[in-house]
Visitor: 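My questions all concern the structure below.
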Amino acid sequence: MNKSVLLGTVAAATIVAGSAFAGTLDDVKARGELICGSNTGLTGFGAPDASGNWAGFDVDLCRAVAAAVLGDPTKVKFVPTTGETRFTALASGEVDVLVRNSTWTFSRDNDLKLDFVAVNYYDGQGFMVKKDLGVSSAKELDGATVCIQTGTTTELNLADFFKSNNISYTPVTVADDSEAQRQYEAGACDAFTTDASGLASTRAAMADPANHIILPEIISKEPLGPVVRHGDNNWGDIVRWSYFALLIAEEKGITKANIDDIVKAATDDASYDPEVKRLLGVGDNDTGKLMGVDAKWAYNAIKAGGNYGEIFEANIGSATPIGLARGLNALWTEGGLQYAPPLR
Amino acid sequence: MTLAIDAPKDHFRLSMLVYDTRYRSYTIQFIVLLLFFAFLVWLTNNTIANLAMRDKDINFDFLFNRAGYDIDQQLIPYTNDSTHGRALFVGLLNTLVVAFFGCLFATILGVFVGILRLSKNWLVARLMTVYIEVFRNVPLLLWIILTFVVFSETRPQPKDFRVTDEMIAAGQEPAANMLFGVIAVTNRGSSFPAPLVDRPLGTVTIATVPVNLTVVATLAILLASIWGNIVLRRRAKAVQEATGDRPVTWWKSLLILFAPVILFLAALGFHWDYPALKGFNFQGGITVAHSFTALVVALTLYSATYIAEAVRAGIMAISRGQSEASFALGLRPGRTMSLIVLPQALRVIIPPLISQYLNITKNTTLGMAISYLDLKGTLGGITLNQTGRELECMLLMMLIYLCLSLMISAAMNVFNAAVKLKER
């Protein structure tokens, strides 16, 4: 009898563990909440504000996914993860999706069994130094002490960059951005290196941003994007298309403000742009059915924080303290790389 | 007449396993053992099944792949082209060197503090009590971070040491000066002069670890000198026993101890390599990062309190009669302590000392708080992150720490057996 109880427990434990990885969509719906892995605090991308509300470029994508799946952008729980813990948190099922400026690489895709479903920010690694150091190029950093965040691709790019330029450096490995900023400001390192967007964000959070310069060299490709677990393709598709919906919305000029007018116009006008009708679920268009979400999924996602361009400008754009230009992240129609496949 | 009846012959029956108190405990132990093994089998199976479900396997091949990252403090040559396996060894050596210095300094400090706490001098004894209570009752991690912050926030930046031509012309002093003109303590690390020779004997590489022959030869000469000195003193003692006169040996001792090594180094062209500010940092000399210094200092100050208490307990365990007898023989207090009390106290001190050494070794992992790249920082930190092999890295790391602790404990047990009371 003892034995059968034990075996029963084993079987039950295995089944419970198994179900946690098969249908993320069902789990999220049953829970009524999306759990999103985010940064521990990177101004403009993902950080809690003074009253504890999360805000940022990555955070808004999480909200868009929550809106698409649950119809409510506030039903998100943000779990702060460090560079070290993020992929473990995702692989173990602690978070449903990771939107935490993570670089898409071959080994993460294949060895870590993760799926990068899109690129929401095309970035590259740069260096920040104090202005009075008198350095104008990263190649002049021979012998410098450099602060890096451990567990990141930047750690490996840094080693490669100094090696290929035949110069030396002393690494100071730190666990997260805020510790790196503290060490850099205290002068424990001459330069701080991370993704250029992260540098801009760190600089904006400093007391004296004008005294720091970001060196012109961009030493790597850093495509940052949302990540899901390998093997749950339906969930991956939902996250991917929630993001594409934001891109298509920008392309079609649909904003948070005018979306209701457009729905109304599309409902009344039989000859309105059919892609917009499919996107917004106007009439008997139901693109959500195939993914297992509501017909209004894209409408909800766009309504949450606006289209891609609006999210960009509100969090990290040129009007914010971070002041990043669209650059590579402009739409393909404007010479950038952001390109959504057709929704049909 | 009495009737002798043999006790009834006991035939073993299965039910006796439960009802006979002689066998019942065996039955219970056997069942518990079976259950324990069943639990282990379930745990292993569950792990493998869950890993398989995530398309993961247990694979240690990553140890032979290129690491790709750099390590600040390396005792054996290492570049970012080396393997993860070599990074593991670099980390392990960093762990061992911190543990070694931690144990050494903590023992020295602990013995002094332990003895001083028993001092008849009221102020000294109270000061030691305060030190022990303050350090022992605050978590070690906080001491480590505090020590590191004190070093890194209060010391000047390397650029403050810079002397430019304009400053010399204007007669200005730099913002910071080197200690005695040779040691530079910046907010990043401490640079000391390094001993160098012009004509080194070269190196041989044993199992990919280069061995500096100059250092080996110097150490060999030193050891030979010490042995020579022991022989000299033994001869002098023999002469003293035979004749009653002890020959004068001090200048012979000095000659034997120092002349060979000085001559040897002079022949190789010995000189000091002084650190100098070049570019962003001090170059030349030996640079020790503050993460190392802070870790050793904090571990020493913290663990020394426990060792001091062990020493105090050991001394108090020795009967007062021993020291009174020693005083009666005319021995001074210092000699009484070193010749009579401490050797006997060692028997009480050694067992808790073993566990303190184990604690120091394991506590080195707290270095991760101040970015010290020990075994936890390389294998359990960067390698784990870059390869995503959590289970393998953790298992390997636990195995290494287990072996390390068992080796320390075995060595100390041998020492304990040598000093313990011999009962004949």
Side-chain angles (χ1 to χ4, degrees), chain A residues 2-3 6-7 9-10 13-14 17-18 21-22 83-88 91-93 107-108 111-114 132-133 135 140-148 150-153 155-160 162-163 168-175 179 183 186-191 229-231, chain B residues 31 34-35 38-39 41-42 45-46 49-50 53-56 62 65-73 79-81 148-149 151-153 155-160 186-189 278-283 287 289-291 368-373 377 381-390:
Chain A
N2 245 348
K3 201 169 183 186
L6 184 71
L7 285 181
T9 322
V10 173
T14 320
F21 296 96
E84 288 189 310
T85 59
R86 53 185 166 174
F87 298 123
T88 317
S92 65
S107 65
R108 286 174 179 176
D111 199 20
L112 294 186
K113 307 291 178 197
L114 302 174
D132 60 10
L133 199 63
V135 170
E140 296 167 22
L141 286 174
D142 191 10
T145 306
V146 183
C147 279
I148 29 166
T150 186
T152 57
T153 47
E155 195 166 37
L156 308 179
N157 297 331
L158 177 71
D160 291 349
F162 275 81
K163 200 168 84 127
S168 66
Y169 73 107
T170 309
V172 175
T173 48
V174 294
E179 173 65 5
Q183 296 244 17
C189 40
D190 298 302
R229 280 180 294 275
H230 193 81
Chain B
I31 291 175
L34 275 188
L35 286 178
F39 175 70
V41 168
W42 172 74
N45 271 341
N46 198 28
N50 273 305
M53 202 149 52
R54 270 170 243 172
D55 278 342
K56 283 191 164 189
F62 69 93
N65 296 343
R66 178 178 180 267
Y69 62 90
D70 285 294
I71 300 176
D72 181 16
Q73 177 186 318
T79 67
N80 52 49
D81 284 330
F148 180 69
V149 169
F151 276 119
S152 64
E153 305 265 332
R155 295 299 308 163
Q157 296 185 27
K159 65 176 182 194
D160 292 336
T186 68
N187 63 347
R188 294 169 190 175
K278 280 190 198 122
F280 299 100
N281 283 309
F282 277 90
Q283 311 279 338
T287 300
H290 281 327
S291 50
M368 68 186 290
I370 51 172
S371 311
Y372 182 69
L373 286 184
I382 304 181
T383 295
L384 184 153
N385 280 313
Q386 298 294 3
T387 61
R389 298 261 167 207
E390 298 98 351

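Convention: sequence-line order gives letters A, B, ...; per-chain numbering from 1. Keep in mind that what you see is a predicted model, and the values were worked out from it rather than measured.
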Visitor: Can you tell if the side chain of A:Asp111 reaches within under 4.5 Å of the side chain of B:Arg389, non-hydrogen atoms only?
Guide: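 Touching, per the 4.5 Å side-chain cut-off.
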
Visitor: Checking B:Ser371 side chain against A:Thr173 main chain: does a donor-acceptor pair fall under 3.5 Å?
Guide: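 At least one qualifying donor-acceptor pair exists.
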
Visitor: Atom CD1 in A:Ile148, atom CG in B:Asp70: separation rounded to 0.5 Å?
Guide: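 If we round to the nearest 0.5 Å, A:Ile148:CD1 and B:Asp70:CG are 7.5 Å apart.
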
Visitor: With a 4.5 angstrom heavy-atom cut-off, which part of B:Leu373 approaches chain A: side chain, backbone, both or neither?
Guide: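 The side chain, not the backbone.
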
Visitor: Could you look at B:Thr387 and say if it's the side chain, the backbone, both or neither that has a heavy atom under 4.5 Å from chain A?
Guide: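 For B:Thr387, the contact with chain A is made by the backbone alone.
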
Visitor: To the nearest 0.5 Å, how far apart are CD1 in B:Ile382 and CD in A:Glu155?
Guide: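 B:Ile382 CD1 to A:Glu155 CD: 4.0 Å, rounded to 0.5 Å.
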
Visitor: Which distance, rounded to the nearest 0.5 Å, do you find between the CD1 of B:Ile71 and the OG1 of A:Thr170?
Guide: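 B:Ile71 atom CD1 to A:Thr170 atom OG1 measures 13.5 Å (nearest 0.5 Å).
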
Visitor: Under 3.5 Å, is there a donor-acceptor pair between the side chain of B:Glu153 and the main chain of A:Ala186?
Guide: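 It does not hold such a pair.
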
Visitor: So which of A:Cys189, A:Ser107, A:Ala144 has the largest heavy-atom pair count under 4.5 angstrom toward chain B?
Guide: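 Looking at each of A:Cys189, A:Ser107, A:Ala144 in turn, A:Ala144 comes out on top.
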
Visitor: With rounding to the nearest 0.5 angstrom, report the OH to CG distance, A:Tyr169 to B:Asp72.
Guide: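 Here the rounded value is 10.0 Å.
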
Visitor: Chain B heavy atoms under 4.5 Å from A:Glu179: which part of the residue, side chain, backbone, both or neither?
Guide: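 Neither part, no heavy atoms under 4.5 Å.
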
Visitor: Quick check against the 3.5 Å criterion: does A:Arg108 have a side-chain atom that pairs as donor or acceptor with the backbone of B:Gly388?
Guide: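 Side chain of A:Arg108 to backbone of B:Gly388, a donor-acceptor pair under 3.5 Å: no, none is there.
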
Visitor: Heavy atoms, side chains only, cut-off 4.5 Å: are B:Phe280 and A:Thr145 in contact?
Guide: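 Side chain of B:Phe280 against side chain of A:Thr145, heavy atoms only: no contact under 4.5 Å found.
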
Visitor: Enter the distance from B:Asn385:CG to A:Thr85:OG1 here, rounded to the nearest 0.5 Å.
Guide: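 Those atoms lie 8.5 Å apart.
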
Visitor: Taking all atoms of both residues into account, what is the closest heavy-atom pair of A:Asp160 and B:Arg66, and its distance?
Guide: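 Smallest interatomic distance, heavy atoms only, reads OD1-NH2, 3.3 Å.
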
Visitor: Of the backbone (N, CA, C, O) and the side chain (C-beta and beyond), which part of A:Asn157 lies under 4.5 Å from a heavy atom of chain B, both, or neither?
Guide: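 No part of it gets close to chain B.
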
Visitor: Between B:Ala289 and chain A, with a heavy-atom cut-off of 4.5 Å, which part of the residue counts as in contact: side chain, backbone, both or neither?
Guide: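 For B:Ala289, neither part sits under 4.5 Å from chain A.
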
Visitor: With a 4.5 angstrom heavy-atom cut-off, is it the side chain or the backbone of B:Arg155 that approaches chain A, or both, or neither?
Guide: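 No part of it gets close to chain A.
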
Visitor: At their closest point, which heavy atom of A:Ala159 faces which heavy atom of B:Gly68, and how far apart are they?
Guide: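 Reported closest heavy-atom pair: CB-O, 3.3 Å.
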
Visitor: Side chain, backbone, both or neither: which part of B:Asp81 has a heavy atom under 4.5 Å from chain A?
Guide: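 Contact with chain A: side chain only.
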
Visitor: What distance separates B:Glu390 CD from A:Leu112 CG, expressed to the nearest 0.5 Å?
Guide: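 It comes to 7.5 Å.
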
Visitor: Look at the side chain of B:Asn80 and the backbone N and O of A:Leu156, then say whether any donor-acceptor pair between them is shorter than 3.5 Å.
Guide: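 Looks like no, no N/O pair under 3.5 Å.
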
